[in-house]
A.B. asks: 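One structure, pasted below without further comment.
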Amino acid sequence: MKICTRQICFIMLAYTVVSKILIYPTLLSSQCGRDLWFPAFISFAVQSVVVWAVSYLCSRTDKTLFQLIEGTLGNICARIVYGLFGLFFILGTLMPLSEQKLYVHTIFYDTVPSLLVFLPFFFFSVYAASKKFTNIGRSADICLPIFVLSLIFIFIMSLWEVNWDNFLPLLKTPVKTLFGSSLGTTYLFFEPCWLLMFMGHFKYKKWDSAKITASYIGGGLIVMFFLFVFYGIYGEISVSRQFAVSKISLFFPAIDMLGRIDLIALYILEIAMLFALVLNIQLAVHCFVKCTGWKNRNALSVIINGLLLVFIIVFDSKYNTLSIVFGKWMWIVFLLFATVIPLLSWAMKRRAK
């Protein structure tokens, strides 16, 4: 086995959080105002059910997703599905990659050209994405203390300024807008796909499905709490505060005397963010290995990262346009791969030879 349950639990907890604390709070506040917590609750509730379904499926079979599809629909179909999943993981990387580039440039190195600042990421990604699932698990272990300490530090610095009255009155936003906002941010929710790829690559033990699901719910609760802190501090002007994680600690009293000490935590947390971002690329490489039968993971990693680099260069200053396209149209793709297909995997389990 290449990964253990403990590592999967941390991935479902921490990577879920770090992938949703940059632009997600600003998007929700611009669409739903003080009710930004409601579309987040809908999204996490739906995805929690899907995560439980996939994790429970892992308790009923020791086969990988590829083996389930192969046993049900044949080898060619299994290769096609994995090829589509590979493309899906690349698609799922585009927006987080654009967010990270803007975040790193804006918060840490705003005087240096953004492409030059973010170029080293691809050297790291080429190396990491060429590794197998064992590397994914070890990366999760490395990120555990980083995630916990930095997030606690940021929350402690932020709670002083929260005004809970900013959330009153509750649920004044039209219901259509609330559900529309949840649907429009579906492209940020594809954690069940991670779990689908891990299926058959870890030894299932009793209560593991409960542990994995609880870890994901815990990540969702942290994001929800983060949304409350963010909007509680900024209220109606939160729509103009991008990169929320870098904004909530700005009013900590010690900053006036010691300077931006919060940047220490942000630098450390960025490590976990990069590992979470690379996970999608690692899984894309895994899918294309299974799809093509080509075992040269290094070459596949170079090709995929090269395509992502071209994307970053071409769409260097078009983040807002990309955000609109993904919000209006890509929810269909993400709903299919992150919700429908994971649930359909149960049918494949029953029919697999």
Side-chain angles (χ1 to χ4, degrees), residues 1-22 51 54-55 58 64-65 85-86 88-90 92-97 99-101 103-104 118-152 188-203 208 211-212 215-216 218-219 222-223 245 265-290 297-298 300-302 304-305 308-309:
M1 296 299 172
K2 301 176 181 179
I3 193 169
C4 69
T5 303
R6 182 196 72 254
Q7 295 166 336
I8 293 175
C9 287
F10 174 69
I11 288 172
M12 301 305 289
L13 170 71
Y15 288 8
T16 295
V17 175
V18 297
S19 62
K20 295 175 180 62
I21 55 177
L22 291 182
V51 167
V54 177
S55 60
C58 293
T64 65
L65 178 64
F85 262 108
F88 171 75
F89 282 118
I90 293 176
T93 306
L94 300 183
M95 285 302 294
L97 186 64
E99 290 179 6
Q100 278 294 323
K101 183 183 75 68
Y103 173 69
V104 170
F118 205 66
L119 186 61
F121 164 78
F122 289 99
F123 294 105
F124 164 69
S125 180
V126 166
Y127 170 78
S130 65
K131 303 301 178 182
K132 297 182 179 180
F133 278 18
T134 303
N135 178 264
I136 294 177
R138 290 172 180 171
S139 300
D141 286 332
I142 292 172
C143 289
L144 175 58
I146 291 174
F147 168 78
V148 173
L149 293 176
S150 56
L151 206 61
I152 289 176
L188 293 171
F189 289 84
F190 44 87
E191 291 81 5
C193 298
W194 298 344
L195 196 53
L196 274 180
M197 295 298 110
F198 296 150
M199 182 188 301
H201 293 283
F202 70 101
K203 185 177 181 181
D208 278 357
K211 294 175 183 176
I212 293 171
S215 298
Y216 182 72
I222 293 174
V223 174
V245 70
L266 294 177
Y267 272 116
I268 297 173
L269 189 62
E270 176 64 19
I271 298 174
M273 291 183 182
L274 292 179
F275 275 116
L277 181 59
V278 169
L279 175 60
N280 292 320
I281 306 174
Q282 290 173 311
L283 294 179
V285 171
H286 169 73
C287 288
F288 284 123
V289 167
K290 300 295 290 184
R297 303 177 69 90
N298 293 327
L300 285 171
S301 180
V302 170
I304 293 174
N305 279 282
L308 292 173
L309 178 59

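Hydrogens, waters and symmetry mates are skipped; everything else that's a heavy atom, side chains included, is used.
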A.B. asks: May I ask you to test the Ile90-Phe288 pair for a side-chain heavy-atom distance under 4.5 Å?
C.D. replies: yes
A.B. asks: For a quick test of reading the model, state the closest non-hydrogen atom pair linking Pro96 to Leu277 and the distance between them.
C.D. replies: CB-CD1, 3.7 Å
A.B. asks: Could you check whether atom CZ of Phe124 has more than 12 heavy atoms from other residues, nucleotides or ligands sitting under 6.0 Å from it?
C.D. replies: yes
A.B. asks: I want to check something: taking the side chain as every heavy atom from C-beta on, are Asn298 and Val126 in contact at a cut-off of under 4.5 Å?
C.D. replies: no
A.B. asks: For residues Cys58 and Phe202, determine if any side-chain heavy atom of one lies less than 4.5 Å from a side-chain heavy atom of the other.
C.D. replies: yes
A.B. asks: Nearest 0.5 Å please: distance from the CG atom of Leu65 over to the CE atom of Met199.
C.D. replies: 6.0 Å
A.B. asks: Would you say Lys211's side chain and Cys9's backbone share a donor-acceptor pair under 3.5 angstrom?
C.D. replies: no
A.B. asks: Look at the rings of Phe147 and Phe10 and say which category their plane angle falls in: under 30° parallel, 30 to 60° tilted, over 60° perpendicular.
C.D. replies: perpendicular
A.B. asks: Taking the side chain from Ser301 and the backbone from Arg297, do they hold a donor-acceptor pair closer than 3.5 Å?
C.D. replies: no
A.B. asks: Is any side-chain heavy atom of Phe133 closer than 4.5 Å to one of Gln282?
C.D. replies: no
A.B. asks: Looking only at heavy atoms, which two atoms of Gly219 and Val17 are closest? And how far apart?
C.D. replies: O-CG2, 3.5 Å
A.B. asks: Could you walk me through whether Phe85 and Met197 pass the side-chain contact (heavy atoms from CB on, under 4.5 Å) test, one step at a time?
C.D. replies: CA-CA 10 Å; Phe85 262 108; Met197 295 298 110; 4.1 Å; yes
A.B. asks: Would you name the heavy atoms of Ala140 and Ile11 that are closest together and state the gap between them?
C.D. replies: CB-CG1, 3.8 Å
A.B. asks: With respect to Met273, which candidate in Val104, Ile21, Val278 satisfies the side chain to side chain contact (heavy atoms under 4.5 Å, CB included) definition?
C.D. replies: Ile21
A.B. asks: Taking the side chain as every heavy atom from C-beta outward, state whether Glu270 and Tyr267 have any atom pair closer than 4.5 Å.
C.D. replies: no
A.B. asks: Could you measure the distance from the CG atom of Leu266 to the CD1 atom of Ile271? Nearest 0.5 Å is fine.
C.D. replies: 12.0 Å
A.B. asks: Can you tell me how far the CZ atom of Phe190 sits from the OG1 atom of Thr16, to the nearest 0.5 Å?
C.D. replies: 9.5 Å
A.B. asks: Test your reading of the model: is there a side-chain donor-acceptor pair from Glu191 to the backbone of Met12, 3.5 Å cut-off?
C.D. replies: no
A.B. asks: To the nearest 0.5 Å, how far apart are CD1 in Ile8 and CD1 in Ile212?
C.D. replies: 5.0 Å
A.B. asks: Would you please test Leu195 and Tyr216 for side-chain contact (heavy atoms from CB on, under 4.5 Å) and show each step?
C.D. replies: CA-CA 11 Å; Leu195 196 53; Tyr216 182 72; over 6 Å; no
A.B. asks: Please round to the nearest 0.5 Å and tell me the distance separating atom CG of Leu269 and atom CG of Leu274.
C.D. replies: 10.0 Å
A.B. asks: Determine, step by step, whether Lys203 and Asp208 satisfy the salt bridge (charged side-chain N to carboxylate O under 4.0 Å, His left out) criterion, reporting the C-alpha distance in whole Å, the side-chain angles of both residues, the deciding distance to 0.1 Å, and the verdict.
C.D. replies: CA-CA 10 Å; Lys203 185 177 181 181; Asp208 278 357; over 6 Å; no
A.B. asks: For residues Phe275 and Ile146, determine if any side-chain heavy atom of one lies less than 4.5 Å from a side-chain heavy atom of the other.
C.D. replies: no
A.B. asks: So does Tyr15 get a backbone contact from the side chain of Ser19, meaning a donor-acceptor N/O pair under 3.5 Å?
C.D. replies: yes
A.B. asks: Apply side-chain contact (heavy atoms from CB on, under 4.5 Å) to the pair Ile281 and Leu308, showing each step before the final yes or no.
C.D. replies: CA-CA 10 Å; Ile281 306 174; Leu308 292 173; 3.6 Å; yes
A.B. asks: Compare every heavy atom of Ala128 with every heavy atom of Asn135, then report the nearest pair and how far apart it is.
C.D. replies: OD1-O, 3.9 Å
A.B. asks: Kindly indicate whether the side chain of Phe121, heavy atoms from C-beta on, has any atom under 4.5 Å from the side chain of Leu97.
C.D. replies: yes
A.B. asks: I need the Leu279 CG to Ser125 OG distance, nearest 0.5 Å.
C.D. replies: 11.0 Å
A.B. asks: Apply side-chain contact (heavy atoms from CB on, under 4.5 Å) to Glu99 and Leu188, showing your working.
C.D. replies: CA-CA 12 Å; Glu99 290 179 6; Leu188 293 171; 4.2 Å; yes
A.B. asks: For Asn280 and Phe89, which heavy atoms make the closest approach, and how far apart are they?
C.D. replies: O-CB, 3.5 Å
A.B. asks: Could you tell me which non-hydrogen atom of Asn305 sits nearest to which non-hydrogen atom of Ala129, and how far apart they are?
C.D. replies: ND2-CB, 4.2 Å
A.B. asks: With a 4.5 Å limit on heavy-atom distance, are the side chains of Leu13 and Ile222 in contact?
C.D. replies: yes
